[in-house]
Amino acid sequence: MFVLGVLLSIFLLIKGNCSRVSWENIYGNLHNRLNEVDEADYKPHIIFILADDQGYRDVGYHGSEIKTPTLDKLASEGVKLENYYVQPICTPSRSQFMTGRYQIHTGLQHSIIRPTQPNCLPLDNVTLPQKLKDVGYSTHMVGKWHLGFYRRGCLPTQRGFDTFFGSLLGSGDYYTHYKCESPGNCGYDLHEGEAAAWDQDRGLYSTLMYTQKATDILASHDPRQPLFLYLAYQAVHLPLQVPAQYLAGYHSIANPYRRKYAAMVSCLDEAVRNLTLALRRYGYYDNSVLIYSTDNGGQPVAGGSNWPLRGGKGTYWEGGVRAVGFVHSPLLVKKRRRCRGLVHITDWYPTLVTLAGGSLEEELDLDGYDVWEAISEGRPSPRQDILHNIDPVYIKARAGSWEAGLGVWDTSVQAALRVGRWKLLTGVPGYGDWVPPQTFSTLPLAGRWQQERVHWDRGKSVWLFDLAADPYERVDLSFRYPRVVKRLLLKLAQYNRTAVPVRYPARDSRSNPQFRGGVWGPWYEEQGEQEKNLLPRYVEDRLKKEQKKNRFRGRSRH
């Protein structure tokens, strides 16, 4: 209809001005207008849904007892990403999605950004929504940010989003939107734009509230103009809260944590269904790309399940970093299949910018790859390796040493790397249990679900697995293949030479919401205030000691 309108307008222009306008000019104007229409039609609407703490097995098509008919249908009609990786905790995954860069290149290698820290996604990084805005996209975010807010420049609306509605912190109450970081350090965390959303708060469960907000955005936007919608649900992160009606189908689950968690996933599934219906209703669907992803593995102690993968959230075992993910789009060339090529969360940045017709300048220094052809057409993935992380602050492997690292790496440092079929871990990867679907034992006094415990070998600080043959990480091959271990350790060392200093500042007492009317929000002055050292003194001292020790060991080897 829009094209017909353009043609009609030009026809009337010709009729009224044929004595003054040449046919060459008319044809040129028509050609330019049609090119503009074609270009606008070509840019797909991008909808990125990020679930929080959903485990690998917490979706129906991975064999879960949790009912997820919407996710199952969307995935089955699209492309399931069955070799897809994220980070083991919240902030790192979100930072890598926003920048297309590994943590070691943004300074966010250690832990998460906490509410009281003067820290955020470094401002010199060009974010994904900023790149999409450059090529004409309207950009909107709904949901959980968790990339820092200590100064105004860190807020979503300052990092590329036209609008923002959601929370700035990593967790909070699903109904009241309050969060206590410590006693006496509590505040309200629901925002619209850069202000508290008091007038928007109706005490609605956040999964339902965020879906309604996203639907409102679709209803008010012109589908002829490209849209980027980032919908980062709070669900299914702790606390375990859910409207009672979603519990009805899970009375058979004995474990109360798993039962409530399952209900939260079902509510999330229904929310995605309602969003998909809105995409159709308001005219977006036929020119849309919908991506669904989890941000990290599930927490077994909080009802999540990563079975049969090893470990969970916060660990570098597969259960912590291998994610649920799929792409659903009418624009896919080959649908209804599984993509087994290697895909990482950093890959969305170059993939989506390229899909939108944007440019990827060399100075962006990306770690991600454009994987659209691998997903859409079934071609081989350009990605052959993944640096899961190198955390120089988390040094707890007492058995770790340069000797254990064959003289090329200190294995007391927590690090994880995948190259092809091989995966290497050093330091303390996190608890490595295999936790089956959670059911209570029938034995007396069995107060927790059964699980396969791992006898922790305190003498170990390096592991090697062949994920092609052993995706569940049951057989450590580090002793059998020392040459492979050394090759991967050298790769770790190579990555480490490109790392920037860790950003992990100490708590700032000015962050207390009591100083801002009980609301979590920026507390730094935007100008005229010098930032303090971003490393707490105890971390700085530890790193200096390690560097001194490493220099001594280096001299002793030569």
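Please read these numbers as outputs of a predicted model, since none were measured by experiment. Quick note: residue numbers are just sequence positions, from 1.
Listed for the H45 side chain is no donor-acceptor partner under 3.5 Å among the backbone atoms of P226. Without hydrogens or angle criteria, T354 side chain to P350 main chain gives a donor-acceptor distance under 3.5 Å. For D162 (side chain) and S138 (main-chain N/O), no donor-acceptor pair under 3.5 Å exists by modelled atom type. For D347 (side chain) and D370 (main-chain N/O), no donor-acceptor pair under 3.5 Å exists by modelled atom type. Looking only at distances, a side-chain donor or acceptor of R516 sits under 3.5 Å from a matching main-chain atom of S511. Without hydrogens or angle criteria, D189 side chain to L168 main chain gives a donor-acceptor distance under 3.5 Å. With hydrogens and angles ignored, the 3.5 Å screen pairs no side-chain donor or acceptor of Y150 with any backbone N or O of Q117. For the pair T99 (side chain) and T127 (backbone), a donor-acceptor distance under 3.5 Å is absent. No donor-acceptor pair under 3.5 Å is formed between the side chain of D53 and the backbone N or O of K313. Judged by distance alone, the side chain of Q87 and the main-chain N or O of P92 form no donor-acceptor pair under 3.5 Å.
Under the 3.5 Å distance criterion, with hydrogens and angles disregarded, a donor-acceptor pair is assigned to the side chains of S206 and Q234. Side-chain atoms of D216 and Q212 include a donor-acceptor pair closer than 3.5 Å. A donor-acceptor pair shorter than 3.5 Å can be found between the side chains of Y285 and H328. Checking Q96 against Y349 by side-chain atom types alone, no donor-acceptor pair falls below 3.5 Å. A donor-acceptor contact closer than 3.5 angstrom is absent between the side chains of R57 and N306. A donor-acceptor contact closer than 3.5 angstrom is absent between the side chains of T116 and R510. Side-chain N/O atoms of H191 and S167 include no donor and acceptor closer than 3.5 Å.
Counting heavy atoms from C-beta outward, R159 and L121 have side chains that approach closer than 4.5 Å. Between D52 and C90, some side-chain heavy-atom pair lies under the 4.5 Å cut-off. Counting only heavy atoms from C-beta outward, the side chains of S111 and Y504 approach each other to under 4.5 Å. Using a 4.5 Å heavy-atom threshold, the side chains of Y175 and P243 count as touching. Taking the side chain as every heavy atom from C-beta outward, L74 and Y292 never approach each other to under 4.5 Å. No side-chain heavy atom of H140 sits less than 4.5 Å from a side-chain heavy atom of F228. A 4.5 Å side-chain heavy-atom check between L275 and I49 finds at least one atom pair inside the cut-off. You'll find the side chain of F97 stays beyond 4.5 Å of the side chain of S293, heavy atoms only.
Separating the NE2 atom in H110 from the CD1 atom in I89 is a distance of 8.5 Å, to the nearest 0.5 Å. Distance CG/L190 to OH/Y210: 5.5 Å, rounded to 0.5 Å. For the atom pair CG of L309 and CH2 of W434, the computed distance is 11.0 Å after rounding to the nearest 0.5 Å. Atom CD1 in I112 sits 4.0 Å away from atom NE2 in H146 (nearest 0.5 Å). In this structure, CG on L417 lies 9.5 Å from OG1 on T426, to the nearest 0.5 angstrom. To the nearest 0.5 Å, atoms CZ (R310) and CG (D433) are separated by 8.0 Å.
Cation-pi geometry between K67 and Y250 is met: under 6.0 angstrom from the ring centre, within 45 degrees of the axis. The cationic group of R322 does not satisfy the cation-pi geometry with Y84, failing either the under 6.0 Å distance to the six-membered ring centre or the 45° limit from the ring axis. Note that K80 lies outside the cation-pi zone of F326, set by a 6.0 Å cut-off to the ring centre and a 45° limit from the axis.
Contact between Y233 and T207 at its shortest, heavy atoms only, is CE2-O, 3.6 Å. L128 approaches V353 most closely through the heavy-atom pair CD1-CG2, 3.7 Å. A pairwise comparison of heavy atoms in L238 and S171 identifies O-CB, 3.9 Å as the closest pair. Between I395 and S412, the closest heavy-atom pair is CG2-OG, 3.3 Å. Taking each heavy atom of V86 and S93 in turn, the nearest pair found is CB-OG, 3.7 Å. Shown here for Y61 and G325, the closest heavy-atom pair between the two residues is OH-O, 3.7 Å.
E361 has a carboxylate O that lies under 4.0 Å from a charged side-chain N of K131, or vice versa, which qualifies the two as a salt bridge. With respect to R258 and D58, a salt bridge is recorded, a charged nitrogen being found less than 4.0 Å from a carboxylate O. Look at R101 and D365 and you find a salt bridge, because one of the NZ, NE, NH1 or NH2 atoms lies within 4.0 Å of a carboxylate O, short of that distance. Remark: E192 engages K213 in a salt bridge, criterion side-chain N to carboxylate O under 4.0 Å.
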Decide yes or no on side-chain contact (heavy atoms from CB on, under 4.5 Å) for H237 and Q299, but give the supporting numbers first. CA-CA 9 Å; H237 195 289; Q299 280 188 306; 5.7 Å; no
Intermediate values then yes/no, side-chain hydrogen bond (donor to acceptor under 3.5 Å, both in side chains), Q414 and N389: CA-CA 8 Å; Q414 185 188 66; N389 196 24; 5.2 Å; no
Determine whether Y137 and I46 satisfy the following criterion, side-chain contact (heavy atoms from CB on, under 4.5 Å), listing intermediate values before the conclusion. CA-CA 9 Å; Y137 274 74; I46 300 169; 4.1 Å; yes
Kindly indicate, with the supporting measurements, whether the criterion side-chain contact (heavy atoms from CB on, under 4.5 Å) is fulfilled by M264 and Y205. CA-CA 11 Å; M264 295 171 72; Y205 185 67; 3.8 Å; yes
Could you walk me through whether W520 and H177 pass the side-chain contact (heavy atoms from CB on, under 4.5 Å) check? CA-CA 11 Å; W520 289 103; H177 318 297; over 6 Å; no
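For an aromatic pair to be called close, the ring centres must be under 6.0 Å apart, and W198 with Y188 satisfies this. Between H62 and Y56, the distance from one ring center to the other falls under 6.0 angstrom. For Y85 and H388, the gap between ring centers is short of 6.0 Å.
Surrounding CZ of R273 are at most 12 heavy atoms belonging to other residues, nucleotides or ligands under 6.0 Å away.
Using the six-membered ring where Trp is involved, F48 and W348 have ring planes that are perpendicular, over 60° apart on the 30 and 60° scheme. Using cut-offs of 30° and 60° on the angle between ring planes, the pair Y102 and Y495 is perpendicular.
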